[in-house]
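These notes are about the structure you will find just below.
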Amino acid sequence: MHPSVESLPGPAPDYRRFLDAIYRRCPDRVPLIELAVHAEVVSALLDEPAAAESRAVTRQNVRLLHRLGYDAVKVSATIPFQYPTVTSADSSTLSRTDREWQDQHGGAIDTVEDCERYPWPKQDDVDFGPVEAAAEVLPDGMRLIGFSGGIVEFATNLIGLERFMYAIYDDPDLISVVIDRVGRTIYGVFEAYCQMDAVCALWLGDDLGSKNGLLVSPDLLQAHVFPWYARFVELAHSNQRPFLFHSCGKIDSIMPALIQEIGIDAKHSFEDAIEPVEHFIDRWSSKVGVLGGVDVNILTMGDQQAITARVRQILERTAQRGGYACGSGNSIPNYVPPENFLTMIRAVSDFNAGA
Amino acid sequence: MAEQSDTPTGALRQMAECVERGKMDINTNIPPGSKGQPGVVELVSAALTDGVSAQTILNEGLLPGMQSIGKRFAANEVFIPEVLIAARAMKAGVELLKPAFAREEVSSRGVFILGTVRGDLHDIGKNLVAVILEGAGWRIEDLGVDCGPEKFLDALELHPDAAVGLSALLATTMVNMQETVEAIRAKKPEAVILIGGAPVSAEFAEQINASGYAADPNGAVELLDRLCPPAA
């Protein structure tokens with residue numbers, strides 16, 4: 001373990017603290033939350049080589065986050081959707097490899113007929129190995145948050161983002177059938193999570209916005225996507241789990257629908273350039289839990305002083321009202337220096353200790 | 001030679017509406033139920049047959065439709081799909097004008113060199129900027145994605161008066177904007193260089209000595225109008 005990690009207070013995990021934050025109560029201390037910590041950052045902080053196999057990666061992740069003071073850890077089953085990707089040289093701080101991205105221009109499914117022929121993953125094809133591995137090593141008091149990628153995200157990956165956008169007008173049936181198949185697949189994954197005692201919450205990640213607004217019209221979301229969200233929420237609630245929602249981008253215009261009609265319990269992903277998390281807290285924290293919000297740009301390029309100041313600014317705003325778990329605005333990719341991630345953790349720890 | 005004065009204003013207005021709606025041709029069913037009605041292709045063809053100049057068709061028919069969609073996109077009244085289908089319709093019209101462009105002297109606002117910086121393969125945002133700027137009368141030199149500084153410098157050699165736009169989607173690639181700005185400034189200190197993309201900001205533009213930051217495609221149009229005012 002990296003000496004800076006060792007110097008943090010000893011962990012005392014209690015997942016109920018995290019649930020308190022989601023349900024807008026005031027826990028005994030501000031809990032931590034993270035959508036993802038890149039394996040290279042985990043490796044650097046554990047001071048050991050990064051694991052390669054998915055179960056081992058998950059175990060490393062749980063071990064680190066437990067030591068850092070997390071009460072709940074996001075885990076993800078692997079849905080074997082197949083679609084083309086593109087690669088380029090990675091210019092990240094810790095990069096040793098190429099970076100792989102989804103191909104925006106082409107996908108695996110171009111027509112309704114392609115959709116029928118596509119090898120849609122069956123429930124048995126979904127790899128829950130990482131989730132089971134995490135459950136096996138979960139320290140007392142910790143729980144898992146079962147995550148799945150979202151409807152729009154998978155559908156645009158499968159069709160190709162650009163083709164998806166054109167198909168909304170050129171081939172609306174294609175949008176309908178692909179979203180329906182994706183929705184059914186995700187529902188099956190969430191159903192399986194609900195059968196696992198170690199999973200205390202469900203989390204859907206579906207990027208619906210750009211920096212300036214929604215990617216597609218609210219009408220399209222209402223017609224095709226939100227009905228699936230509502231089913232996911234109903235499933236979670238009927239299994240006594242809260243439902244967390246992650247979306248990047250400016251999605252303020254659909255927050256009323258997400259909160260009041262669909263019934264999400266917490267919102268994640270905030271970027272200062274779009275809406276600083278405090279603004280969201282002022283507007284919505286009486287109705288929904290708020291997760292994360294420390295801008296990834298600050299974590300990437302800020303110094304220790306700037307990161308600490310930003311974390312304290314957010315925590316001071318939320319201290320009295322609760323309903324908040326602290327973390328990055330999105331995730332900890334491998335271009336966030338590990339010491340900056342630790343600075344954020346330490347700032348939360350110091351705040352909780354009253355320092 | 002005097003320009004044709006008997007412009008069929010109604011047809012040009014209809015052309016602009018077709019661009020704005022993405023009604024590319026007679027077979028395009030946008031809006032639903034409109035299949036069989038003329039689209040941009042048919043209206044441009046008819047206007048050319050009627051002797052309307054390519055410049056007039058471009059300036060009074062196609063570009064106003066694209067300008068309107070750019071403004072509505074900035075106001076979050078329409079979204080990426082609507083911009084893409086509008087751009088497709090406009091491009092179909094422009095294709096028909098190309099032979100006429102070769103014969104006529106067609107004016108433009110200038111050349112805008114545009115590319116996604118090194119290490120970044122994302123280009124949907126960049127492409128939206130390109131079509132909206134085309135709609136505002138700029139000629140686009142699109143360098144594509146994963147462009148190192150040398151690519152921008154080569155393009156500037158060919159178009160020394162061009163303005164330049166750099167795009168990046170990620171915090172990990174926005175840092176590569178700086179090397180490109182520095183390389184351009186070293187050769188051409190007065191160059192107009194705009195930056196845009198999810199992680200960047202006006203502060204970052206100032207920090208790396210770019211000329212400005214545009215939050216959206218219409219912002220790029222407005223910024224260029226300020227930094228490169230049209231000749232009187």
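Proteins get letters first, then strands, A, B, ... in listed order; numbering begins at 1 in each. Hydrogens, waters and symmetry mates play no part in the numbers below; they use all other heavy atoms, side chains included.
With a 4.5 angstrom heavy-atom cutoff, Ser217(A) touches chain B via backbone and side-chain atoms both. Contacts of Val296(A) with chain B are absent, with no heavy-atom separation under 4.5 Å from either backbone or side chain. Residue contact with chain A, scored on non-hydrogen atoms closer than 4.5 Å, involves the side chain of Ile30(B) exclusively. Looking at Leu215(A), both its backbone and its side chain come within 4.5 Å of chain B, counting heavy atoms on both sides.
Around atom NZ of Lys71(B), no more than 12 heavy atoms belonging to other residues, nucleotides or ligands sit under 6.0 Å away. Counted within 6.0 Å of CZ on Arg109(B), heavy atoms from surrounding residues, nucleotides or ligands total more than 12; the atom is thus considered enclosed. Atom CD of Gln260(A) sits in a crowded spot, with more than 12 heavy atoms from other residues, nucleotides or ligands closer than 6.0 Å. Around the CD atom of Gln304(A), the shell of radius 6.0 Å holds no more than 12 heavy atoms that belong to other residues, nucleotides or ligands.
For the pair Asp170(A)/Arg88(B), a side-chain contact is recorded, criterion being any heavy-atom separation below 4.5 Å from C-beta on. At least one side-chain heavy atom of Phe79(B) sits under 4.5 Å from a side-chain heavy atom of Pro218(A). Between Met165(A) and Val83(B) there is no side-chain heavy-atom pair separated by less than 4.5 Å. Met301(A) is listed as a side-chain neighbour of Met174(B), based on a closest heavy-atom distance under 4.5 Å.
Here the side chain of Lys211(A) pairs no donor or acceptor atom with the backbone of Ala215(B) at under 3.5 angstrom. When atom types are taken as modelled, the side chain of Asn212(A) and the backbone of Asn76(B) share no donor-acceptor pair closer than 3.5 angstrom.
Between atom CG of residue Asp272(A) and atom OG of residue Ser201(B) there is a gap of 10.5 Å, rounded to the nearest 0.5 Å. Remark: Leu84(B) CG to Tyr169(A) OH distance equals 10.5 Å, nearest 0.5 Å. We find the CZ-CD1 distance between Phe164(A) and Ile80(B) to be 11.0 Å, quoted to the nearest 0.5 Å.
The shortest heavy-atom contact between Ile85(B) and Tyr166(A) is CG2-CD2, 3.8 Å.
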